Chemist: 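Quick one: the structure is below, questions incoming.
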Amino acid sequence: MTAPGKIGEVRARLLDLVDLLPEGAALPPERELAGRWQVARMTLRRAMDDLVLEDLLVRRQGTGTFTSRPKVSRRLAMTSFSEEMRRRGMRPASRTLELRRRRGGRARCRLLRIPAGDVVVEFVRLRLADDAPMALERTFVADRYVPGLSVEDLDSSWYELLATRYGTDIVTGTCRLDPVLPDPKTAEHLGIPVSQPCLRIRGISLDARGRVMESCEATYRGDRYAITADLRRPNRTRLPGPRPPS
């Protein structure tokens, strides 16, 4: 059995090696590292397994083990992209690729809970963290809720803008998560191949008055992003037991 202390020692050496190598660099073969550090290959593999789970290393069948950039983990909660990135010590930014106004179709207006034919604002933003593209977002909002909204307004947090300029706080919402492959245009914006799996989140967000403030579809890079959620077991309805004899 491999001693935990030995695995920790090898892990520390691997971390030093990862820090010295650029992202995507190949590690020396396991046989070479085991001989250099005078450890069993099983011990080395156990330590490498830990770093693979932490997204610091990635194994590619037939080619070897490579350094990787850890994924950003985002909780499924009513927080904005900007809030989540700042919380993780990263610098958020947005690049607005498109903004237009047009009369909404029946399905879109039904989703936004506004009369059919009302004007809907649609904007597309590339979301970045430390200047690296992370997600492509397409957002729809009723024009009546955000009068005068312009491209310049969308450089920072959308939720902060709603709160400070329009006096609206997002308090609840629903979303659906699906694995997808990006279309060529999305892949180009995100700087990834079309074969790179992504995460797509579609949902709506509501304010304290129960108004649907946005309908959004976002595609996140699967190689840079992981979604986490806090799970809680629902309360079960307890059936009444047999009555004691009277």
Side-chain angles (χ1 to χ4, degrees), residues 72 74 78-86 90-166 168 170 173-194 196-207 211-225 227:
V72 175
R74 182 177 181 184
M78 294 311 302
T79 56
S80 69
F81 175 90
S82 297
E83 289 175 305
E84 200 68 38
M85 294 306 103
R86 292 191 194 110
M90 305 179 78
R91 185 178 69 258
S94 295
R95 187 182 306 154
T96 304
L97 307 178
E98 180 183 339
L99 185 147
R100 58 181 176 175
R101 289 174 170 83
R102 59 182 175 180
R103 298 206 173 272
R106 187 180 301 275
R108 180 64 58 190
C109 289
R110 184 185 303 119
L111 192 61
L112 292 172
R113 300 179 191 172
I114 57 177
D118 269 19
V119 176
V120 174
V121 180
E122 175 186 356
F123 57 87
V124 180
R125 295 191 298 169
L126 181 65
R127 310 309 304 273
L128 305 102
D130 289 344
D131 298 324
M134 300 290 285
L136 188 69
E137 294 180 349
R138 183 177 299 273
T139 303
F140 300 86
V141 58
D143 183 60
R144 64 169 73 181
Y145 298 153
V146 288
L149 182 69
S150 66
V151 170
E152 291 73 21
D153 297 324
L154 298 171
D155 290 340
S156 57
S157 170
W158 167 235
Y159 284 5
E160 289 175 10
L161 176 68
L162 287 176
T164 57
R165 178 169 173 178
Y166 297 106
T168 299
I170 299 295
T174 60
C175 70
R176 172 174 172 164
L177 189 68
D178 295 294
V180 297
L181 291 176
D183 58 69
K185 189 174 181 180
T186 299
E188 181 181 355
H189 285 309
L190 293 177
I192 57 175
V194 293
Q196 171 65 58
C198 293
L199 298 170
R200 182 178 64 190
I201 299 179
R202 293 181 295 182
I204 61 172
S205 301
L206 293 81
D207 67 2
R211 300 179 301 176
V212 177
M213 291 304 300
E214 66 171 352
S215 167
C216 185
E217 178 178 308
T219 302
Y220 292 86
R221 288 178 54 168
D223 64 328
R224 294 297 316 278
Y225 232 85
I227 302 295

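As a basis for the values below, the full set of heavy atoms in this structure was taken, side chains included, without hydrogen atoms, waters or symmetry mates. These figures come from a predicted structure and were not determined experimentally.
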Chemist: Can you list every salt bridge (Lys or Arg N to Asp or Glu O under 4.0 Å) pair that touches residues 125-136, not counting sequence neighbours?
Modeler: Arg91-Asp130, Arg91-Asp131, Arg125-Glu137, Arg127-Glu137
Chemist: Is any NZ, NE, NH1 or NH2 atom of the basic residue among Arg221 and Asp223 found under 4.0 Å from an Asp or Glu carboxylate oxygen of the other?
Modeler: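 Yes, this pair counts.
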Chemist: Looking at every non-hydrogen atom in both residues, tell me the closest pair between Tyr220 and Ala135 and how far apart they are.
Modeler: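 That closest heavy-atom pairing would be CD2-CB, 3.4 Å.
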Chemist: Using side-chain heavy atoms (C-beta onward) and a distance below 4.5 Å, is Val120 in contact with Leu112?
Modeler: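 Yes, at least one pair of side-chain atoms sits under 4.5 Å.
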Chemist: Answer whether the closest heavy-atom distance between the side chains of Asp143 and Asp118 falls below 4.5 Å.
Modeler: no
Chemist: With rounding to the nearest 0.5 Å, note down the distance linking CZ in Arg211 to CD1 in Ile170.
Modeler: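 Between Arg211 CZ and Ile170 CD1, I get 9.0 Å after rounding to 0.5 Å.
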Chemist: For the residue pair Thr139 and Cys216, what are the closest heavy atoms and their distance?
Modeler: OG1-SG, 3.6 Å
Chemist: Considering residues at least two apart in sequence or located in another chain, which fulfil the side-chain hydrogen bond (donor to acceptor under 3.5 Å, both in side chains) criterion with Arg106?
Modeler: none
Chemist: When you look at Tyr145 and Glu214, which way does the side-chain hydrogen bond (donor to acceptor under 3.5 Å, both in side chains) test go after all the steps?
Modeler: CA-CA 10 Å; Tyr145 298 153; Glu214 66 171 352; over 6 Å; no
Chemist: If I take atom CG from residue Leu126 and atom OG1 from residue Thr96, how far apart are they, to the nearest 0.5 angstrom?
Modeler: 9.5 Å
Chemist: Please assess Trp158 against Ser94 for the test side-chain contact (heavy atoms from CB on, under 4.5 Å), listing each intermediate value before the final yes or no.
Modeler: CA-CA 10 Å; Trp158 167 235; Ser94 295; over 6 Å; no
Chemist: For the residue pair Pro115 and Cys109, what are the closest heavy atoms and their distance?
Modeler: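 Reported closest heavy-atom pair: O-SG, 3.5 Å.
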Chemist: Looking at Leu128 and Pro133, what are the two nearest heavy atoms and their distance?
Modeler: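 That closest heavy-atom pairing would be CD2-N, 4.0 Å.
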Chemist: Under a 4.0 Å N-O cut-off, is there an ion pair linking Glu122 with Arg100?
Modeler: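 Salt bridge present between Glu122 and Arg100.
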Chemist: Using a 4.5 Å cut-off on heavy atoms from C-beta on, say whether the side chain of Leu161 contacts that of Leu149.
Modeler: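 The answer is yes; the side chains approach within 4.5 Å.
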Chemist: Apply side-chain contact (heavy atoms from CB on, under 4.5 Å) to residues Thr168 and Met213 and explain how you reach the verdict.
Modeler: CA-CA 9 Å; Thr168 299; Met213 291 304 300; 3.8 Å; yes
Chemist: Check Cys198 against Thr219 and note the closest heavy-atom contact, atom names and distance.
Modeler: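 That closest heavy-atom pairing would be CB-CG2, 3.7 Å.
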Chemist: Side chains of Phe123 and Phe140: closer than 4.5 Å at any heavy-atom pair?
Modeler: no
Chemist: Taking side chain as C-beta onward, heavy atoms only, is Leu99 less than 4.5 Å from Leu154?
Modeler: yes
Chemist: In the structure I gave you, are the side-chain heavy atoms of Ile204 and Thr174 within less than 4.5 Å of one another anywhere?
Modeler: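 Side-chain contact under 4.5 Å: yes.
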Chemist: Side chains of Arg165 and Asp153: closer than 4.5 Å at any heavy-atom pair?
Modeler: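 Heavy-atom side-chain distance check passes, below 4.5 Å.
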Chemist: With heavy-atom distances below 4.5 Å as the criterion, would you say the side chains of Glu160 and Leu162 are in contact?
Modeler: no
Chemist: Heavy atoms only: give me the nearest Arg101-Gly148 pair and the separation to one decimal.
Modeler: NH2-C, 3.9 Å
Chemist: In sequence, state the C-alpha distance, the side-chain angles, and the governing distance for Arg202 and Asp178, and then conclude on salt bridge (Lys or Arg N to Asp or Glu O under 4.0 Å).
Modeler: CA-CA 9 Å; Arg202 293 181 295 182; Asp178 295 294; 3.5 Å; yes
